[in-house]
Novice: 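This is the structure I have questions about; it appears just below.
Computed from a prediction, not measured in an experiment: that's the story for all the values here. First the proteins, then the strands, lettered A, B, ... as listed; each starts at 1.
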Protein chains: 2
Amino acid sequence: MNTIGGKRGRLTIHTVAALAGVSISTASKALNGSGRMSEETRERVKKVAQEVGFRPNALARGLITKRSFTIGLLTNDTYGRFTLPVMAGISEELVGHGVSVFLCAIEDDPERARVHVDAMLDKSVDGIIASGKRLDRQLPVDLSGLSVPVVYAFTKGPVDGVTLRSDDEQGARLATRCLMDAGCRRIVHVTGPKTFQSVRERADAYRTAIDGPPEVLHGVWSEAWGLEAVAQLWDRGGDKPDGIFCGNDQIARGVVDGLRERGIRVPDDVAVVGFDNWDIVAAQTRPPLTTVDMNLKTLGREAGRLVLAMSEGREVQPGIRKLPCSLVLRQSCRGLEPPA
Amino acid sequence: MNTIGGKRGRLTIHTVAALAGVSISTASKALNGSGRMSEETRERVKKVAQEVGFRPNALARGLITKRSFTIGLLTNDTYGRFTLPVMAGISEELVGHGVSVFLCAIEDDPERARVHVDAMLDKSVDGIIASGKRLDRQLPVDLSGLSVPVVYAFTKGPVDGVTLRSDDEQGARLATRCLMDAGCRRIVHVTGPKTFQSVRERADAYRTAIDGPPEVLHGVWSEAWGLEAVAQLWDRGGDKPDGIFCGNDQIARGVVDGLRERGIRVPDDVAVVGFDNWDIVAAQTRPPLTTVDMNLKTLGREAGRLVLAMSEGREVQPGIRKLPCSLVLRQSCRGLEPPA
DNA sequence: CTGAAAGCGCTTACAG
DNA sequence: CTGAAAGCGCTTACAG
């Protein structure tokens with residue numbers, strides 16, 4: 001079937017046209033639903049194309065239409081914790097539109113970023129999505145002034161850029177609320193380095209949400225810090241917390257492990273809520289973590305939708321779009337008890 | 001600078017030719033290092049191109065040369081545990097050759113796989129790398145008989161395919177040896193489901209490597225199973241193991257946690273070795289895990305090298321290539337004590 | 001040593 | 001309603 005037309009290699013529109021007994025211009029128009037012609041001719045061409053399995057060469061088409069149906073995804077999150085779901089969302093959103101995505105992992109290396117961007121530009125990508133792992137850091141490459149639209153997803157963009165991010169304050173509010181609803185009266189926040197904007201935002205939201213004096217413990221993003229924080233809290237004198245809101249799931253896991261090792265029951269004695277919903281840690285913790293999900297996949301879909309719109313010339317308002325987080329209820333904090 | 005030539009849009013070879021005072025054919029040949037011409041002309045053209053920042057349109061070039069400088073990576077490992085390092089290796093190997101990679105996540109959905117493959121073929125990819133999460137399962141799409149070369153990396157390929165995989169037996173041997181070197185006399189293997197080929201291979205290698213009667217406990221790939229296995233081993237009568245080789249790091253983490261909770265010291269009383277070197281779990285375990293690394297990034301590089309070779313028409317022997325694993329020494333098993 | 005011409009596989013005004 | 005022609009931005013025989 002691939003050899004119809006006698007030529008070696010791919011089936012072209014010439015073959016389809018010949019088989020349908022029309023010119024290639026007519027064939028092209030029939031297939032693209034453009035131009036005017038009798039319904040009968042159009043159908044005949046379509047049928048032939050269908051039968052021989054004709055698929056237009058995207059390179060040739062792109063050369064003329066200036067649309068390559070490809071976009072580039074740039075990320076410095078080599079670990080994939082954040083980029084993977086974002087990527088999945090983008091791909092899911094775009095594959096139905098026939099667009100494929102180039103993945104370029106640049107690890108904070110400006111040189112390499114440049115090489116990747118140039119390669120993408122050479123290939124006439126219709127747009128670029130810049131993604132990362134921090135909302136307060138830009139990728140090590142300047143994407144403004146490029147001839148293609150760019151959207152920033154889960155990384156910092158320029159002020160006049162189109163940026164998508166999670167609403168960390170709302171997420172933190174969700175977490176704090178959950179603890180309060182579970183009846184906690186003394187809630188402590190154990191989190192990451194103060195240098196992260198998201199840490200500050202989450203902490204602020206926590207401070208505003210709780211009744212009574214807030215207490216925020218800063219450390220690093222690790223289980224070890226969670227363990228250590230529990231030691232600090234329990235080895236000192238005074239009141240013990242009955243609820244702990246953690247800056248991420250790794251810290252939460254450390255906290256839960258630390259608590260268990262002291263014979264403190266979770267959630268009965270102390271309820272714990274994490275952040276990230278990183279399955280590998282949240283689900284394996286004993287008990288499994290109630291945690292905040294940033295809905296990164298949805299964020300990815302939205303990013304895909306936006307670049308596509310922009311690449312099609314539709315107007316998109318610049319600015320930062322905050323996407324809501326949601327709470328995933330597992331067992332480390334049960335939230336509102338069902339009414340008696 | 002982008003507006004030299006007066007035309008809107010991208011800079012083309014016409015502009016470069018005009019600026020250098022040569023025809024476009026000469027310009028093309030000068031830039032590609034082909035044809036013959038005076039060194040002086042060639043240099044002049046190159047200099048002009050350099051100055052105006054000319055980059056040839058890959059679509060146009062691909063249309064003629066039949067090389068798009070893109071390859072597709074298909075994977076059903078949506079979690080990214082295996083694909084991410086493979087991807088990083090591929091990208092690292094290929095970016096220097098100007099090739100970009102399309103990432104297509106298909107989650108065991110034949111429909112979606114087909115759509116992605118078609119999209120890649122439309123875009124004239126130079127080759128496809130099929131990747132996955134199991135060595136004994138094929139992706140839900142038939143890639144044989146495609147017009148482009150395919151290499152299978154960390155997934156099952158057809159018998160006449162070019163396949164890259166880790167040498168699990170050698171990896172298991174490394175792990176078992178490490179335990180023996182550490183002085184363990186009674187080594188048990190706690191691993192995943194027997195239905196996995198890699199489980200059987202690792203278990204076989206373990207059986208062959210140890211002195212004395214082997215004992216293999218099959219379960220699922222989770223921490224919970226590791227915990228449970230320790231309970232089984234210690235709650236029954238008879239000899240206790242002094243070394244445990246685990247089928248993956250998650251199980252190993254469960255084992256180490258279970259041991260610690262019983263007051264058994266790792267590695268002093270019982271040494272433990274994992275498999276995967278999944279940083280997030282191996283490094284956070286207390287104590288950190290000694291584990292087998294499948295060198296997936298290297299595998300990715302190799303896959304990249306091979307598709308590239310094949311796409312350039314170089315001959316590549318079909319068959320399965322096993323790449324060696326290596327042992328990452330942390331604290332759960334110290335291996336050979338330094339000689340006194 | 002250099003350039004005019006043909007052509008890759010399409011699409012899109014423009015005629016008829 | 002349909003097709004011939006021009007052209008997207010390049011490369012590659014082929015002349016000169």
Novice: dC10(C) P sits how many Å from Ile24(A) CD1, rounded?
Specialist: 9 Å
Novice: Crowded around Glu43(B) CD? As in, over 12 foreign heavy atoms under 6.0 Å?
Specialist: yes
Novice: Determine whether Thr75(A) and Val86(A) satisfy the following criterion, side chain to side chain contact (heavy atoms under 4.5 Å, CB included), listing intermediate values before the conclusion.
Specialist: CA-CA 10 Å; Thr75(A) 174; Val86(A) 171; over 6 Å; no
Novice: Which part of the nucleic acid does Thr41(A) contact within heavy-atom distance under 4.0 Å: base, sugar-phosphate only, or nothing?
Specialist: sugar-phosphate
Novice: Atom CG of Leu31(A) and atom C1' of dT11(C): how far apart are they, to the nearest Å?
Specialist: 12 Å
Novice: Could you go through Arg137(B) and Lys156(B), starting from their C-alpha distance and side-chain angles, then the distance that decides it, and tell me whether this counts as side chain to side chain contact (heavy atoms under 4.5 Å, CB included)?
Specialist: CA-CA 5 Å; Arg137(B) 286 278 187 279; Lys156(B) 189 175 183 185; 5.6 Å; no
Novice: Taking atom P of dC8(D) as reference, at what distance in whole Å does atom CG of Leu11(B) sit?
Specialist: 15 Å
Novice: Dot-bracket, DNA chain C: Watson-Crick or G-U, under 3.5 angstrom, [ ] crossing, | other strand?
Specialist: |||.||||||||.|||
Novice: Taking only the side-chain nitrogens and oxygens of Ser28(B), find out if one of them lies under 4.0 Å from OP1 or OP2 of dT11(D).
Specialist: yes
Novice: Identify all pairs in which a protein N or O lies below 3.5 Å from an N or O of nucleotides 14-16 of chain D, and state each distance.
Specialist:
none

Novice: Return yes when atom NZ of Lys322(B) has more than 12 non-hydrogen atoms of other residues, nucleotides or ligands closer than 6.0 Å, and no otherwise.
Specialist: yes
Novice: Ile64(A) has an atom CD1; how far is it from atom C1' of dC10(C), in whole Å?
Specialist: 4 Å
Novice: Does a side-chain N or O of Thr26(A) approach OP1 or OP2 of dC1(D) to a distance below 4.0 Å, or not?
Specialist: no
Novice: Do Asp126(B) side-chain atoms and Phe69(B) backbone N/O form a donor-acceptor pair below 3.5 Å?
Specialist: yes
Novice: Which nucleotide wins on minimum distance to the side chain of Asn32(B), given the candidates dC8(D), dC10(C), dT11(D)?
Specialist: dT11(D)
Novice: Could a donor-acceptor pair under 3.5 angstrom be found where the side chain of Ser25(B) meets the base of dA4(C)?
Specialist: yes
Novice: For Asn57(B) and dG9(D), what is the distance between atoms CG and C1' respectively, to the nearest whole Å?
Specialist: 6 Å
Novice: For Arg61(A), which contact category applies under a 4.0 Å heavy-atom criterion: base, sugar-phosphate, or nothing?
Specialist: sugar-phosphate
Novice: Please give, in whole Å, the distance from dC10(D) P to Phe69(B) CZ?
Specialist: 14 Å
Novice: Indicate whether the side chain of Lys123(A) and that of Thr70(B) have a donor and an acceptor atom separated by less than 3.5 Å.
Specialist: no
Novice: In this structure, how many angstroms lie between the P atom of dT12(C) and the CZ atom of Arg36(A), rounded?
Specialist: 15 Å
